[in-house]
Structure formats: structure tokens, C-alpha cells
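I have placed the structure first, in the form of C-alpha cells, so that the comments after it can refer back to it.
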Amino acid sequence: MKKIIVTGGLGFIGSNLIELLLKKNFYIINIDKVNYSSNFYNTKNFEKSKNYQFIKLDINNKNLKNIFFKFKPVGIFNLAAETHVDRSIDDPKNFIHSNILGVYNLLESFKIYTKSNKSKLIHISTDEVFGDILKGRSNEMHPYKPSSPYAASKAASDHLVSSYIRTYGIPAIVTNCSNNYGPKQHPEKLIPKIIYNIFNNKNLPIYGKGLNSREWIYVQDHCEALIEVFLKGKVGEFYNIGSNQNMNNLEVTNEIIMNSKKLFKIGNKVKVIFVKDRPGHDTRYALNSNKIKNKLNWRPKINFKKGIQLTINWYLKNKSYYDSISKKDIMNRLGKR
Ligand SMILES: NC(=O)c1ccc[n+]([C@@H]2O[C@H](COP(=O)([O-])OP(=O)(O)OC[C@H]3O[C@@H](n4cnc5c(N)ncnc54)[C@H](O)[C@@H]3O)[C@@H](O)[C@H]2O)c1
């Protein structure tokens with residue numbers, strides 16, 4: 001059975017990716033340092049699978065390369081990262097640690113490992129590296145202009161990967177994806193936060209005037225794209241992964257309210273309130289994903305209308321998911337206001 005290492009597999013996208021890879025008959029080793037955004041709830045569906053094992057480890061740990069040599073993975077998906085923009089504004093240090101130094105250690109380990117083993121590294125990154133895209137859509141050649149410490153740390157990691165490809169010839173690919181949503185996302189992020197507040201009859205705090213626009217992709221579509229990139233992608237390339245569907249925060253929130261009303265009676269305190277904007281808040285991100293569509297024949301399958309219904313239904317059926325997260329972490333930033 002072919003082995004794959006997924007880093008950050010206790011988080012939102014990593015755990016959804018592992019679920020899909022297991023269905024495709026890979027043996028998965030999940031490496032995660034277990035931080036506040038990790039959740040064992042996310043892996044409970046498959047934690048007993050004979051094709052899965054979890055190793056608690058920081059990707060900065062020098063033992064990483066020994067794990068590569070021990071398991072001999074044919075692929076490594078790197079999703080380990082600090083991911084919340086607001087936290088990066090409060091304190092960028094952890095972002096430098098995981099997203100830059102961690103990727104450096106991963107690359108060094110991978111460089112040594114691939115001298116004698118065939119493998120492929122897929123480094124998962126974000127559309128935020130391009131900064132504000134006020135008009136049109138950014139393709140893979142668009143210059144990087146990150147606005148937040150989070151985006152800057154991811155940009156640095158992408159450049160590191162790119163330099164290791166060019167200088168040392170490591171077999172790696174970088175993917176830049178737009179905003180994900182779906183099951184198992186930490187409720188410090190917009191969509192699960194809004195759903196949590198609706199469940200709990202709280203108001204819905206939205207930054208600024210709610211006009212910041214993001215390209216929303218259902219997490220499963222992202223994970224399927226990652227697997228296509230692993231199987232068919234060309235080493236040394238970058239691939240954008242997006243849905244082509246932009247919506248602003250207010251539109252997203254209204255769509256969640258409207259769909260929730262169809263499913264249950266919502267409380268009288270549920271209403272949008274506008275709060276002071278995030279510093280350096282980018283107005284719009286939008287990717288041009290023609291390359292992955294044309295070269296790898298990948299297409300997103302789930303539009304926002306369908307995806308948001310699936311998402312609300314998942315949180316409704318998994319209300320105990322929220323209990324597995326500390327109230328302090330749920331209320332971080334947006335909830336404080
Ligand atoms: N969520 C999105 O909308 C989105 C969009 C595009 C790209 N991405 C990228 O996808 C990846 C996963 O994002 P997510 O939303 O699932 O994040 P998440 O915060 O839900 O999960 C991240 C996981 O990484 C682990 N981790 C952090 N630092 C680590 C380290 N040093 N060593 C080992 N494990 C570590 C955490 O413990 C956590 O379990 C990130 O690289 C992120 O930049 C996310």
C-alpha cells in the first residue's frame with residue numbers, strides 16, 4: 001500500500017484531505033504538533049483505521065527526516081501552518097515559526113530523503129499571497145504582494161519551496177487556493193463562526209461594511225484538486241485552485257441566515273452588526289484557475305448554494321464539534337466585540 005504523509009492533518013483541510021486519501025486506498029501518516037486549531041474530533045471517523053496513524057510532531061523537529069526514511073512516503077502534503085490572519089496581526093511569531101522555519105526544516109528533510117527515494121512534495125498555500133486583487137483574477141504569474149503577517153509567512157514559504165526546486169531540484173509543487181469552507185473548520189473563521197452564533201442566538205459581527213470579497217471553495221473540491229495535482233501535476237509548477245465564485249462577507253452571512261431559517265427557528269438576537277475593520281484588510285481576492293482546469297482537467301463540483309447547505313447541515317448534526325473547542329478560542333477576535 002502506498003504511503004502518504006499529511007502534515008497538519010488534525011486541522012480543517014488536512015483532516016478532510018486524509019478522509020479522501022483513505023478512500024483512495026493510501027496509507028496515511030498524519031504529522032501534527034497539536035495546537036489550538038487541531039481537533040481530534042476531525043479524525044474520529046478514521047482514527048481506528050488500520051491504514052492511518054498519527055504522530056505528534058512539530059515540522060520544525062529534526063526527527064522529521066527520520067520519519068520520512070522510516071515510512072518511505074510516495075507523497076507529502078504540507079498543510080501544517082498557523083492560519084488565522086487576526087492571530088498573525090496580534091502576534092506574528094508563531095507564523096514565522098511554523099510557516100517559514102517549519103517549511104525550511106521540511107524542505108531540508110525532503111531534500112535529503114529524495115536523494116535516494118522517489119517522492120513528491122505538495123506545498124499547500126493561499127491566494128492571500130497575491131494581496132488585493134481589485135479587478136480581474138490573479139493567475140500563477142501574478143506578483144506576490146502579501147498584506148498580513150500570515151500572508152507574508154505563506155509567501156515566504158512558497159518562495160522557499162520555489163528556490164529548493166530551482167537550486168536543489170527537489171520534486172515539489174505549490175498550490176495556491178482560495179477561501180475554503182465546509183465541515184470541521186475552526187469557528188474562529190467566518191462561516192463556522194456565523195453558524196455557531198446563529199445556533200446560540202448571538203449577533204453576527206462583520207468587519208467594516210461587510211464588503212470584503214473572497215472566492216469561496218468547498219473544502220472537498222480543494223482536496224480533490226490536491227490529489228489531482230499529486231497524481232498528474234508537473235513537478236516545479238504552481239497551480240491556483242479556486243471556484244470562480246466570489247461573494248462578500250455580507251452576502252455569505254445572509255445566505256447562511258436564509259438557509260438556517262429553512263432548517264430551524266432562529267433566535268431574535270440573530271442580526272448582523274458591523275465592527276471595526278481588521279487592519280490591512282484586503283478588499284478582494286480572486287484567482288484565475290484556468291491552468292489546473294486546462295492541464296489537469298480538474299473542476300470544482302459544488303457551488304456555494306449547495307456547499308453552504310451541506311456545511312450548515314454538518315454543523316447541525318455535529319453540534320458537539322463546537323463543545324470540543326474552548327469557548328475562549330471560539331470567541332477570539334470577532335467574538336470579543
Ligand atoms: N482555510 C483556508 O481557507 C485555506 C485556504 C488556502 C490555503 N490554506 C492553507 O491550507 C493549510 C491548512 O489550513 P487549515 O485551514 O486546515 O488550517 P488549520 O488551522 O485548521 O489547521 C492547521 C493544522 O496545522 C497544525 N500545525 C501548525 N503548525 C504546525 C507545526 N509547526 N508542525 C506541525 N503541525 C502544525 C495545527 O496544529 C493544525 O492542526 C494551511 O497551510 C493554509 O495556509 C487554507
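Read the numbers this way: they start at 1 and go in the same order the structure lists the ligands and their atoms.
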Self-check item: Ring geometry between Y41 and Y321 (parallel below 30°, tilted from 30 to 60°, perpendicular above 60°)
Solution: perpendicular
Quiz item: By salt bridge (Lys or Arg N to Asp or Glu O under 4.0 Å), which residues pair with E140, not counting sequence neighbours?
Solution: none
Practice problem: Heavy-atom cut-off of under 4.0 Å around ligand 1: list whichever protein residues fall inside it, by chain and number. | Solution: G8, L10, G11, F12, I13, D32, K33, V34, N35, S37, S38, L57, D58, I59, L79, A80, A81, T83, S98, I124, S125, T126, Y150, K154, C177, S178, N179, N180
Practice problem: Kindly assign one of parallel, tilted or perpendicular to the pair H159 and Y144, based on the angle between their ring planes and the thresholds 30° and 60°. | Solution: tilted
Quiz prompt | ring-ring contact (aromatic ring centres under 6.0 Å, His included) partners for Y168, two or more places apart | solution = Y164
Exercise. Going by the ring pair (Phe, Tyr, Trp, His ring centres under 6.0 Å) test, name the single residue among Y315, F304, F12 that passes it with Y181.
Key: F304
Self-check item: salt bridge (Lys or Arg N to Asp or Glu O under 4.0 Å) partners for R284, two or more places apart
Solution: none
